[in-house]
Asks: 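Pasting in a structure now, in structure tokens, and then I'll have a few things to ask.
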There are 2 protein chains.
Amino acid sequence: MREVHLTSFVSAKMVAERAGVSRSAVSRTFTDGASVSEETRRKVLEAADALGYHVNHLARQLRERSNIVCLIVSDVTTPIRAGMLDILTRKLQAVGKITVVLNTEGDEESVGRAMKLTLHYRADATVVLSGTPSSSLVKTALANGQEVILINRDDRLSGSENVAVDNAMAAREALFLLRRAGCERIALVTSSARTPSLVARERQFVDAGLRDGVAVSVVEAGPTAYRSGFDVARRLFARSNPPDGVFCVTDLLALGFMDAARHEFGLRIPQDLCVVGFDNIEQAGWESYQLTTFEQPLERMAGHVVDLLTRSEPVEGGNDGDAAVFEPVPVWRKSVRPLPGI
Amino acid sequence: MREVHLTSFVSAKMVAERAGVSRSAVSRTFTDGASVSEETRRKVLEAADALGYHVNHLARQLRERSNIVCLIVSDVTTPIRAGMLDILTRKLQAVGKITVVLNTEGDEESVGRAMKLTLHYRADATVVLSGTPSSSLVKTALANGQEVILINRDDRLSGSENVAVDNAMAAREALFLLRRAGCERIALVTSSARTPSLVARERQFVDAGLRDGVAVSVVEAGPTAYRSGFDVARRLFARSNPPDGVFCVTDLLALGFMDAARHEFGLRIPQDLCVVGFDNIEQAGWESYQLTTFEQPLERMAGHVVDLLTRSEPVEGGNDGDAAVFEPVPVWRKSVRPLPGI
DNA sequence: TTGAAAGCGGTACCAA
DNA sequence: TTGGTACCGCTTTCAA
């Protein structure tokens, strides 16, 4: 490789000229399974290397798919989101797709803008991690031959594919753990972000309580964040009749809750208070927390997304079947008493 | 909007046909400052809406820039990286650019593959958050008219632009804090990932010690992670003559270190042990840690990146000037004794 | 195996 | 203001 200083991308034409062959020859050299003689191929590769040529995949897509996947997401700094993003980008890259991250505020308008961008950039697929796109935009996307995959948004939008985690199962199990530990005043801490999957966790937990004949008090924190969990615990334990067993719909809330309980009120966990979370973010395993929680099987969920995007024959006009739902796996640590009365 | 079911993107031609105008008219309708009559514009917009048309920005790039920026990054789940990614995607979107996230392992080969992708996808710019691209690839990128921005990689690659944080300043200040607190056995905990900026922090801290006449013992943990900090503390405090003041080159290391010191050895922080971190990730402010640290001014750094990418006249053939360096801001919390002997 | 030509979805220029 | 035309970089078909 020698020359530099062009200030603009080198094209196949330039390579062709330098190699003394036709543009077609250059193209063929870079498409597998095309017929080029060893001789031409060598000349082309040499010229390409000298010029620093790379095939323009965007021009290529004028005929085929773009291999672009858009990820619509908010709260990227949140460990669970960052985790999902990490795994998805990896797996997508592994199958030759590139990921455009569209960072939104999660509100309808912002998500709408993002959806339009996915259309502008001819993404093969849109994967929605947060927020809910309007159904008309989903329809447009599908009509344009784009796949739409919704993750952990339990609202079924016609035509989209859905992958989700089994909230009901986690909620039931969480209640079980708390009751087995002998907790008598059980509370559910939820967030002000009423996303479908948070709401599902909440409702299922309360319902499970109803079935068991235990009253669950529901308390709404602020946004899904450490600070919200912290603040809500300060409120709760400053009042009479505070809970002795809590299910937080998110690890982040749980971690904040634990910190306030311990450092502001001197509560011991799990002796005085049992806490269960959800997500199994890395911090839940840190020595200061050792939170018992439920892990979202991100790896498998992302794998499923990739499967959907790579199966040979995408379902015409989208999917109307059920969501693929994955079982969260319980992660037993130390924030819940193992046996009653201990 | 009515019809659906096309399974492939709608083009300007289709809109033109439906609206009964020429392709040019459609194009003009969607480029600002073009001259179209109200009447045609209306017809076009109507047809476009009915068909669900969106301009193909990828085709547009055949003539102009792509407005794609590639972010090369590893360890996305790490709070500091997630934070950078969050801010950058936001700010880039705000100026009409979209972000392709290229998730790498940080090693040369993986970064090299990513660099090639940025060329394939005709990115206007490549921003490297982790790993170091080979200088020949950087040269190729620049030769193709792409801007290359390196963040926190102190190795100067000719032609690239650099933005970094002032490691020397933080290292000096960290030592000052520890010494003022009366620490006598000072250690530096670094990671096995010998990235330029980690190495700089380490070297500068040791040098500052030398100047002050205090010996600093350097201990290398595993990769930059909580667990590494934890393990290294277990090793250190199981031996004679353990440190009483530690600068960890990363908050994540510091947090793990604190947890092991407290929970495995019963050490009190800051009474028995002072700890200083770097990054100011969210978790550093959590009640269980209250880590004194240095904040990377991500907001300003990202702002600078965007400035570089949006200035009207990019420097021909790249930049060879100095890096833009930003001062980390000290965040005083509770992991260091405020005054000697307390 | 090769080169010429057409077409992918746009934009820009030109003459009407 | 409008439509026709050329061209952006690439792949594919077609004839040689």
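Naming: A, B, ... by sequence-line order, numbering from 1 per chain. Fair warning: this is a prediction, and the values are worked out from it, not measured in the lab.
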Asks: Could you list by number each residue of residues 115-126 of chain A showing a heavy-atom separation from DNA chain D of less than 4.0 Å, or answer none if no residue does?
Replies: none
Asks: According to salt bridge (Lys or Arg N to Asp or Glu O under 4.0 Å), does anything in residues 20-36 of chain B pair up with another residue at least two apart or in another chain? List the pairs.
Replies: none
Asks: Which ones in residues 20-30 of chain A lie close to DNA chain D, meaning a heavy atom under 4.0 Å from one of its atoms?
Replies: A/Arg23, A/Ser24, A/Ser27, A/Arg28
Asks: Extract, from 5' to 3' on DNA chain D, the first and final nucleotides lying under 4.0 angstrom from some heavy atom of chain B.
Replies: D/dT1 to D/dC10
Asks: B/Glu64: what forms a side chain to side chain donor-acceptor pair (under 3.5 Å) with it, not counting sequence neighbours?
Replies: none
Asks: Can you list everything that forms a side chain to side chain donor-acceptor pair (under 3.5 Å) with B/Thr40? Sequence neighbours excluded, please.
Replies: B/Ser37
Asks: Between which nucleotides of DNA chain C, read 5' to 3', does contact with chain B run, using atoms under 4.0 Å from its heavy atoms?
Replies: C/dG9 to C/dC13
Asks: Could you give all pairs that pass the salt bridge (Lys or Arg N to Asp or Glu O under 4.0 Å) test and reach residues 97-107 of chain A, with sequence neighbours left out?
Replies: A/Lys97-A/Asp124, A/Glu105-B/Arg90
Asks: Can you list the residues that meet the salt bridge (Lys or Arg N to Asp or Glu O under 4.0 Å) rule with B/Arg42, with sequence neighbours excluded?
Replies: B/Glu39, B/Glu46
Asks: Using five pairs at either end of the helix from C/dT1-D/dA16 to C/dA16-D/dT1, determine the angle between the two local helix axes and round it to 10 degrees.
Replies: 50°
Asks: Under the salt bridge (Lys or Arg N to Asp or Glu O under 4.0 Å) rule, collect the residues that match up with B/Lys116, sequence neighbours excluded.
Replies: none
Asks: Under the side chain to side chain donor-acceptor pair (under 3.5 Å) test, which residues partner B/Glu109, sequence neighbours left out?
Replies: B/Arg113
